[in-house]
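Here is the structure we will look at, set down as C-alpha cells.
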Amino acid sequence: VLARAEEEDPTIRTMEEFSGYPLRESPSWVADSLSSLSVESENLQKQIDELASFSDTPAPSVTRVLYTDKDVMARRYVKNSMGLAGLSVREDAVGNIFGRWDGLEPELPAVATGSHMDAIPYSGKYDGVVGVLGAMEAIKVLRRSGFKPKRSLEIIVFTSEEPTRFGISCLGSRLMAGSKALLKELETTVDSQNTSFLDAAKYAGYAQDPVDLTSVFLKKGAYAGFVELHIEQGPILEEEGVSIGIVTAIAAPASIKVDFEGSGGHAGAVLMPYRNDAGLAAAELALAVEKHVLQSGSIDTVGTVGILQLHPGAINSIPSKSHLEIDTRDIDEERRNVVMEKIHQSAIRIARDRGVKLAEFKIVNQDPPALSDESVIRAMESASKDLKLSHKLMISRAYHDSLFMARVSPMGMIFIPCYKGYSHKPEEHSSIQDITNGVKVLALTLAKLSLK
Ligand SMILES: NC(=O)N[C@@H](O)C(=O)O
Ligand SMILES: [Mn+2]
Ligand SMILES: [Mn+2]
C-alpha cells in the first residue's frame, strides 16, 4: 500500500515532511490496513502461558530472577520466537535483547518497542511479558497486513527491570540511557548470596571478557521513538470500562537501603531497659515511612517497606542487626524528596533514641519522573481512534524501562486493563481481548511512527 502511494504522488511526501504529519493517516491508508490487522490471539495466549512456565515457583505464580537458569531458558525462548518472526536478533553485554525488522530506509533512526520478562518472586505472568510477546505479535500483524515500515522497527527486551537480585531497578535500560553512576556501581554490586553482578552475568553468557559495559550505552538519537505496551497494574481502566490507557507521565521512583546495628543478646536474660534492639529500630522506621508519606499532603505519594530482615533471626535472641529496603514514589519529584529527607531524619533519631548504630542509609536510586512525548501521545491517540477503542490519558505509578528510554528517545506507553488492578502477585491477569486491543493499538502506533 505504502510503496504504491509514494510512487504515485511525491507531493504527499513533501507535504508529510513539511507537516511532519503522515498524510497517509488519511482514511484510505488506515482503512486499508485496519481491516487486515489480524492478531493471532490464541497463539499469543499460548506463548504467554509457555513463557510463564520458566519459573522458580509453582503456577500460577511466576518467579524469574535475573541470570538464573529459568531466566536463561526464557531468554532462549524469546530469542527463538523473534527469529521465527523474521527479526534479526542481537544482544548486548548485559543481555538486553534486540529484534529488528529493517525498514525501507534502514539508515534512519528506528522506532522501538519492548518491555521486560524478569519477574519478582511470586508474581504474575503478564507484567512486562505482554509488552515483549505483544510487541512481537504487533510486528507480525503489520507484516500480515502487507505494511512496509520506512523506519526500521526494533523490539527490545530489557535486562532486569525488576530490582529483585541486585536491588537495582531497570538495570538494562538505565545502562542503555548512559548511567555512568550505575556503571561504577556494578563493579562492586553483589546479590544476597554475595555473587557479583559480573559473575552472574558471565554465568548467563553475558559480560564476556574484556568486559566493557559502556558498549551498552545507546548512541544519541539511536531511536526516533519508543513505545511500551504494559498492563495498567491499577484498577482504573477496568473500573471505568476503558480499553486503552495512554500514559502521559511516569511517577518518580526512589529506593533506600537501611541497616541498623544493636547489641543483640539473650531474649530472656536481657531486661528491657538494657536493650539496643535493632529489630525495633527497623519496625519504628517502617512506621515512620508510612507516617511521612501520609503527611505529604498528597494521595500521589506512596511508600513501601518491601524488605525487612533481622539478624540472627532467632526467636530467643534480640535482633543485633536489621536491614530494610524502602520504595517511595510520587508524580511530584520535590514532594518525594522531602519525604525521603524526613525518613532519613527519622532513621537518625530512632538510632539515637534506641542506642543502635545507623550502619547504612543508602539512596540506591532517586529518579526524576518522565513525561511522554507529545507526538507519540498523538500517534497512540489516533491509533486508538482509528480502531474505535475507548481510551484515556493517565499517569503510571509503577515505573518502567520507558522511564529511562525517555532520556534517549521520544517515549510513550500503552496501558491495558488488568483484573482488579492486581499485579506483582499470582492473581495478576489481563483478558486476551484486552491484550489483543493493546497489540492492535501498538501495531498501528508503530506503523504511524515508522512513517515519520
Ligand atoms: N511495572 C512494574 O511493575 N515495575 C516495577 O518494577 C515497579 O516496582 O514499578
Ligand atoms: Mn513489575
Ligand atoms: Mn513491568
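Counting starts at 1 for both ligands and their atoms, following the listed order. What you see is a predicted model, and the numbers here were worked out from it, not measured in a lab. Residue numbers run from 1 in the order of the sequence given.
Under a 4.0 Å criterion applied to the non-hydrogen atoms of H230, ligand 1 contributes the atoms 1 (N). Within ligand 1, the atoms closer than 4.0 Å to a non-hydrogen atom of E161 are 1 (N), 2 (C), 4 (N), 5 (C), 6 (O), numbered from 1 in the order shown. Near H400, meaning under 4.0 Å from any of its heavy atoms, are these atoms of ligand 1: 1 (N). Residue R329 has at least one heavy-atom neighbour below 4.0 Å for each of these atoms of ligand 1: 7 (C), 8 (O), 9 (O).
When only non-hydrogen protein atoms are considered, atom 3 (O) of ligand 1 lies nearest to Q233 NE2, 2.8 Å. E162 OE1, 2.8 Å is the protein heavy atom nearest to atom 6 (O) of ligand 1.
The pair K357-D259 does not meet the salt-bridge criterion, since no charged nitrogen lies less than 4.0 angstrom from a carboxylate oxygen. Note on R144 versus E40: salt bridge recorded, some NZ/NE/NH1/NH2 to OD/OE distance being below 4.0 Å. Between D118 and K70, none of the side-chain N atoms (NZ, or NE/NH1/NH2) sits under 4.0 Å from a carboxylate O, so this pair counts as no salt bridge. One finds a salt bridge joining D71 and R75 here, because a Lys/Arg side-chain nitrogen approaches an Asp/Glu carboxylate oxygen to under 4.0 Å. Ionic pairing of K46 and E50 is present here: one or more N-O contacts between side-chain nitrogen and carboxylate oxygen are shorter than 4.0 angstrom.
A heavy-atom separation below 4.0 Å is found between H424 and ligand 1.
Not a single N or O atom of H116, backbone or side chain, sits closer than 3.5 Å to an N or O atom of ligand 1.
For the pair NE2 of H424 and OE2 of E162, the angle whose vertex sits at the Mn ion (ligand 2) is 110° to 10 degrees.
Centroid-to-centroid, the aromatic rings of F361 and H344 come within less than 6.0 Å. A ring-centre distance under 6.0 Å is not found for F158 and H400.
Residue D401: no N/O/S atom is found under 2.8 Å from the Mn ion (ligand 3). Taking backbone and side-chain atoms together, D127 has an N/O/S atom less than 2.8 Å away from the Mn ion (ligand 2). Residue contacts to the Mn ion (ligand 3): H400 brings no N, O or S atom closer than 2.8 Å. Taking 2.8 Å as the criterion, H116 does not count as a coordinating residue of the Mn ion (ligand 2), since none of its N, O or S atoms falls below it.
Classification of the F197-Y67 ring pair by plane angle, with boundaries at 30° and 60°, yields tilted.
For the residue pair R174 and S169, a side-chain donor N or O sits within less than 3.5 Å of a side-chain acceptor on the partner.
With a 4.0 Å cut-off on non-hydrogen atoms, D127 touches ligand 1 through its side chain and not its backbone.
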